[in-house]
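See structure below.
Side-chain atoms are counted along with the backbone in the values below, which use heavy atoms only and exclude waters and symmetry mates.
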Amino acid sequence: MEYAICVQNKNIRLKGLIENRLPAESRLSKELYIEKDLEETVVVYAKSAAEALVLSDILSDIIIENLQIRFLLELLQKEYPFLSDKERCEILIITARELWYGRKNEPEYTKARISARIAAALFESGTFYLDSFIHFRMKDWVSVWERAARAAADEYLRQQEEYEAYELLKWFVNAKPPMAEMALIKERGEGYIVLSESGCINKSEPFSPEELLFYLANLAPRRIDMHEVTDESLKKIIGDIFEKVVLL
């Protein structure tokens with residue numbers, strides 16, 4: 001049976017995408033091969049239902065490895081125009097990594113599920129529209145893609161803002177003359193307290209990690225004792241901000 005595979009986007013070269021995935025034995029035996037190439041439409045001949053299932057696997061692979069990436073990139077360009085191409089590409093990589101490897105066997109599972117839907121569509125009609133299939137029969141998957149991209153973008157922007165805040169703190173610390181000789185950080189519940197050499201406690205309520213950073217920046221001590229801090233990421237941040245301070 002002949003299957004006409006159609007796509008609206010003229011930048012997508014269907015023939016090459018399908019041809020590169022055709023099993024060699026199917027092409028040699030003429031059981032599954034490209035019969036016509038009409039640019040936006042590629043006519044594929046499948047001798048049997050089994051070969052049509054192979055075609056559905058091929059189209060599923062194209063959706064995940066090619067069209068999904070195009071969809072995500074267009075979404076990021078539309079919703080985050082203020083980001084640079086480099087930044088959007090970094091978010092795209094994070095999103096794809098989460099979608100493909102966020103759960104065990106996720107790529108294989110996703111391709112198999114999409115392939116089953118494609119097979120059902122192929123058996124219903126000899127004409128298969130890739131764009132329409134994605135927009136109408138894959139709404140649930142598209143929603144997952146959109147949520148993953150937005151979550152990755154939000155986290156990327158949060159980290160970017162955090163980095164800029166730390167850089168500003170670093171500049172402030174380097175420009176400010178020392179206001180204390182020593183700051184001893186102690187853990188207190190889920191927060192932190194700061195003691196001076198005389199043992200004075202900063203305040204009655206413990207600091208959150210963010211509050212601790214700003215307090216230390218205002219205090220500008222010559223030395224910081226972090227022996228009792230168990231959070232390695234917090235110790236690293238303090239070390240990065242107070243790069244000219246003696247850390248103990």
Side-chain angles (χ1 to χ4, degrees), residues 1-78 88-89 91-149 152:
M1 182 173 177
E2 290 182 344
Y3 295 96
I5 314 302
C6 311
V7 67
Q8 291 179 344
N9 191 332
K10 294 183 179 181
N11 293 321
I12 297 173
R13 297 292 178 258
L14 264 181
K15 180 177 183 292
L17 292 173
I18 295 174
E19 200 167 46
N20 291 338
R21 292 170 169 83
L22 284 173
E25 59 272 18
S26 296
R27 282 183 290 179
L28 291 172
S29 63
K30 293 292 184 178
E31 293 183 346
L32 182 65
Y33 63 91
I34 293 176
E35 201 167 53
K36 298 175 187 174
D37 175 22
L38 307 174
E39 293 188 3
E40 289 87 17
T41 301
V42 172
V43 179
V44 180
Y45 173 79
K47 185 177 181 180
S48 65
E51 294 301 330
L53 291 176
V54 174
L55 176 60
S56 70
D57 286 342
I58 290 172
L59 295 175
S60 175
D61 199 61
I62 291 171
I63 287 174
I64 293 299
E65 295 185 1
N66 189 282
L67 302 187
Q68 182 192 64
I69 297 300
R70 288 175 181 268
F71 175 87
L72 292 171
L73 192 54
E74 287 175 5
L75 175 70
L76 293 172
Q77 289 171 337
K78 179 182 177 181
R88 284 194 291 266
C89 283
I91 294 170
L92 177 63
I93 291 169
I94 295 168
T95 306
R97 188 181 297 126
E98 174 61 27
L99 288 171
W100 295 352
Y101 307 111
R103 287 179 289 177
K104 188 177 180 181
N105 298 325
E106 183 66 19
E108 292 77 10
Y109 171 78
T110 301
K111 286 179 183 179
R113 290 286 302 276
I114 293 174
S115 178
R117 295 187 189 186
I118 293 172
L122 288 175
F123 292 141
E124 286 174 10
S125 169
T127 303
F128 182 80
Y129 296 92
L130 267 170
D131 308 87
S132 298
F133 178 81
I134 292 172
H135 287 295
F136 296 107
R137 296 207 183 190
M138 284 183 57
K139 282 184 178 180
D140 51 343
W141 290 107
V142 169
S143 295
V144 172
W145 298 354
E146 291 173 336
R147 286 197 301 270

Fill in the blank from the handout: Nearest heavy-atom approach of Cys6 to Thr127 is SG-CG2, 3.9 Å
Practice task
Flag the pair Tyr3 / Phe128 as yes when their ring centroid distance falls below 6.0 Å, and as no otherwise.
Solution key: no
Problem - Residues forming a salt bridge (charged side-chain N to carboxylate O under 4.0 Å, His left out) with Arg147, sequence neighbours excluded - result: none
Practice task
Report yes if the side chains of Ile118 and Ile114 come closer than 4.5 Å at any heavy-atom pair, otherwise no.
Solution key: yes
Problem - Approximate separation, where rounding is to 0.5 Å, of Leu22 CG and Leu55 CG - result: 8.0 Å
Fill in the blank from the handout: Between Ala152 and Thr95, the two heavy atoms sitting closest are CB-OG1, 3.3 Å
Problem - Point-to-point distance, once rounded to the nearest 0.5 Å, from CG of Leu17 to CG of Leu130 - result: 9.5 Å
Exercise for the section: For the residue pair Leu99 and Leu72, establish whether any side-chain heavy-atom pair is separated by less than 4.5 Å. Expected result: yes
Practice task
May I ask you to say whether Arg117 pairs ionically with Asp140, meaning some side-chain N is under 4.0 Å from a carboxylate O?
Solution key: yes
Handout entry: Electrostatic pair Glu25-Lys30, nearest N-O below 4.0 angstrom
Key = no
Handout entry: Stepwise side chain to side chain donor-acceptor pair (under 3.5 Å) check, Trp100 with Gln68
Key = CA-CA 11 Å; Trp100 295 352; Gln68 182 192 64; 2.8 Å; yes
Exercise for the section: Measure the shortest side-chain to side-chain distance between Ile134 and Lys139 over non-hydrogen atoms and say whether it is less than 4.5 angstrom. Expected result: no
Exercise for the section: Decide yes or no for Val43 and Ile34: does some side-chain heavy atom of the first lie under 4.5 Å from some side-chain heavy atom of the second? Expected result: no
Exercise for the section: State plainly whether the residues Lys111 and Asp61 are in salt-bridge range, i.e. N to O under 4.0 Å. Expected result: yes
Completion exercise
Heavy atoms of Ser56 and Ala119 approach each other most closely as CB-N, 3.8 Å
Handout entry: Donor-acceptor side-chain pairing of Ser26 and Glu51 below 3.5 angstrom
Key = yes
Practice task
Let me know which of Leu59, Thr41, Ile62 forms a side-chain contact (heavy atoms from CB on, under 4.5 Å) with Ile5.
Solution key: Leu59
Practice task
Answer yes or no: is there an ion pair linking Lys15 with Glu19, defined by an N-O contact shorter than 4.0 Å?
Solution key: yes
Completion exercise
What one should report as the nearest heavy-atom pair of Ala52 and Ala46 is N-CB, 3.9 Å
Problem - Glu146-Trp141 side chain donor-acceptor pair, cut-off 3.5 Å - result: no
Problem - pair Tyr33-Lys47: side-chain heavy atoms closer than 4.5 Å - result: no
Completion exercise
The side-chain contact (heavy atoms from CB on, under 4.5 Å) partner of Val44 among Leu122, Ile58, Leu32 is Leu32
Problem - Separation of Gln8 CD from Ser132 OG (nearest 0.5 Å) - result: 6.0 Å
Handout entry: Between CZ on residue Arg70 and CG on residue Asn66, distance to nearest 0.5 Å
Key = 5.0 Å
Handout entry: Test: Glu65 and Arg21 ion pair at under 4.0 Å
Key = yes
Practice task
Mind checking the OG-CG spacing from Ser60 to Leu53? Nearest 0.5 Å is all I need.
Solution key: 12.0 Å
Practice task
Step through the shown structure and confirm whether more than 12 heavy atoms of other residues, nucleotides or ligands are within 6.0 Å of OH on Tyr129.
Solution key: no
Practice task
Give the intermediate values and the outcome of side-chain contact (heavy atoms from CB on, under 4.5 Å) for residues Met138 and Trp145.
Solution key: CA-CA 11 Å; Met138 284 183 57; Trp145 298 354; 3.7 Å; yes
Handout entry: Smallest separation among heavy atoms of Leu75 and Ala149, with atom names
Key = CD2-CB, 3.7 Å
